[in-house]
Amino acid sequence: MFALIDASGMYASCEKVFDPSIRNRPVVVLSNNDGCIVAVCPIAKKLGIPKFQPYFKLKPKLDELGVVARSSNYELYSDLSQRMMNICARFAPEQHIYSIDENFLSYGHYVPKEGWLAHGKEIRRAVWRETRLPVGVGFGCTLTLAKAANHASKRISGYQGVAVIASESERVHILQNMLVSDVWGIGRRISKRLALQGIDTAWQLSKAMPSIIKKDFSILIAHTVHELNGNQRFSWDEVKAPKKQIFSTRSFGKRVTSILDLKQAIIMHCGIASKKLRNQNSQTLNIIVFAHNSIHDKEPFFRRAAIHQFSCPTSDSGVISSAAGKLVDQIFKPGIRFYKAGIGLLEIVDEKPNQQDLFAVSNDRPNLMTCMDGINDRYGRNTIFIAGQGIEQKFAMRRELLSPRYTTRLAELPIFRCN
DNA sequence: TCTGGGGTCCTAGGACCC
DNA sequence: TCTGGGGTCCTAGGACCC
């Protein structure tokens, strides 16, 4: 059995934890640079506020409806996320953290003596008691069914936060009440094409012939059909597998026109991406650096990218940054108002501690990296960093509606007055 | 005044090779 | 009468996720 646990409207819920004054109000959270709405609390959802729309376009409507908007406060969300993940991990032998607000649990053949429903309720209670985050819990014998049950736990009436697919009747009931576009792995495009074949619900998709689905769509969608029928195709090891590519990209708070600013941004991304690389015990054989202006600006679209191949695999922030810095010289063009830049590590390999190569000399300093990661894990990201990323970044993102970092900064601790 | 997210994986098609 | 291979690498774009 697998479980999928996720926090509903995670970012918006986090904002409510330490600010009682907005608990009963509609709240939305914005993406980087206050660009788009990326999280909507249940009250705002009922008002019909859509996700992934530019904030400035919706602002008049939000003001009219009295919706509270907040900038993304990642420091707060990642801290609460860690607490939530730690609590969930207590309930099963294995956990996979799928995103900041979602995690899978794998139970193997274990069956809780209180039953799955009671077990799910206990997880929900524990997370609520210890973090004040509302979570949905779904159980199923495949990852896709666990996802479906999780969806049902929040969207189908009668479940109140916990849904279990352990019997045929429950499977049928949930899949029949679920749109095909809500199935894990079925997005907007595919569901439109499925609709042309008369497939509108998850149940109808589960009844389709996998061989025909494979021919008309892809092997992945055919796997999904099997998974909906309780036949596992997406394995635990696969979802836990290390990433094959790692990207770090961001739009700037204001347009960047100087090569120094662009270099600082790129080197900052190298720090973020190489840390992710080390966290999964991998190394990379190459790096791509890219930057472009905005399609919304008046100038013609400009985008350039450059790739560097390393002579031997590396995960050293310094080695990666210095290669990236040279690539910036290749892609920079004076006069371009850069809107976004980033890097990608494209060819990722497993770390081999004692790899011998007579001709390629590694410049990696694993001890230094371990030390740097240790300090940053303990004292917070960017306690120490590669100097090339600059100390005061002029292009830093706009976050005009930022709430305090209640749980990670002493100076920003919440204070409640009792009368 | 101006403003438009971030990440991962896959595939089709072009360019090139023999 | 009509017909023409097979492989690798790279890139842009599509699709999905949250």
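The model shown is predicted, which means the values in this text are computed figures rather than measured ones. So that the names make sense, note that chain A is the first sequence line, chain B the second, and so on, each numbered from 1.
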Expressed in angstrom and rounded to an integer, what is the separation of [X] atom [atom1] from [N] atom [atom2]?
X       : N       : atom1 : atom2 : value
L62(A)  : dT3(B)  : CG    : C1'   : 14 Å
R337(A) : dT3(B)  : CZ    : C1'   : 12 Å
I343(A) : dG7(B)  : CD1   : P     : 10 Å
R399(A) : dC2(B)  : CZ    : P     : 25 Å
E400(A) : dT1(B)  : CD    : C1'   : 11 Å
K51(A)  : dC18(C) : NZ    : P     : 8 Å
D297(A) : dC2(B)  : CG    : C1'   : 10 Å
Y74(A)  : dG5(B)  : OH    : C1'   : 7 Å

Salt bridge or not between [X] and [Y]? Use side-chain N to carboxylate O under 4.0 Å.
X       : Y       : answer
R155(A) : D182(A) : no
R70(A)  : D19(A)  : yes
K61(A)  : E64(A)  : no
D297(A) : R337(A) : yes
D34(A)  : R398(A) : no
R193(A) : D216(A) : no

Closest listed nucleotide, where the reference is the side chain of [X] and the choices are [options]:
X       : options                  : value
K147(A) : dG7(B), dG4(B), dC18(C)  : dC18(C)
K243(A) : dG5(B), dC17(C), dT8(B)  : dT8(B)
S31(A)  : dC18(C), dG5(B), dG4(B)  : dG5(B)
C36(A)  : dC17(C), dG5(B), dC16(C) : dG5(B)
K244(A) : dT8(B), dC10(B), dG4(B)  : dC10(B)

Could you tell me whether [X] contacts a base, only the sugar-phosphate backbone, or nothing, with contacts defined as non-hydrogen atoms closer than 4.0 Å?
X       : result
K57(A)  : base
I295(A) : nothing
R255(A) : sugar-phosphate
S218(A) : nothing
L220(A) : nothing
Y55(A)  : nothing
V29(A)  : nothing
I100(A) : nothing
E102(A) : sugar-phosphate
N33(A)  : nothing

Protein N or O to nucleotides 11-14 of chain C N or O, pairs below 3.5 Å:
none

Using the six-membered ring wherever Trp is involved, compare the ring planes of [X] and [Y] and label them parallel, tilted or perpendicular (cut-offs 30° and 60°).
X       : Y       : result
F247(A) : F290(A) : tilted
F104(A) : W236(A) : perpendicular
F234(A) : H223(A) : perpendicular
Y107(A) : Y110(A) : parallel

Suppose we define a pair by two distances each less than 3.5 Å, Watson-Crick or G-U wobble; what does dG5(B) pair with here?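 Pairing partner, where one exists within any strand: dC18(C).
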
For DNA chain B, which residues of residues 314-336 of chain A approach it to below 4.0 angstrom with any heavy atom?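 Residues of residues 314-336 of chain A under 4.0 Å from DNA chain B: none.
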
Which is more 5' along DNA chain B, the nucleotide nearest F56(A) or the one nearest K276(A)? Just name the residue. F56(A)

Residue mapping more 5' on DNA chain B - nearest nucleotide basis, H296(A) or P242(A): H296(A)

Counting only side-chain N and O atoms of [X], is one of them less than 4.0 Å from OP1 or OP2 of [N]?
X       : N      : value
R250(A) : dG6(B) : yes
S251(A) : dG6(B) : yes
K340(A) : dG6(B) : yes

Partner of F332(A) under side chain to side chain contact (heavy atoms under 4.5 Å, CB included), chosen from I259(A), L327(A), T257(A):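 Option passing the side chain to side chain contact (heavy atoms under 4.5 Å, CB included) with F332(A): I259(A).
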
Ring-base stacking, F52(A) with dC18(C) (5.5 Å, 30° cut-offs):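 Stacked: ring centres under 5.5 Å, planes under 30°.
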
Kindly give the heavy-atom pair with the smallest separation between S153(A) and G136(A), and that separation in Å. OG-CA, 3.7 Å

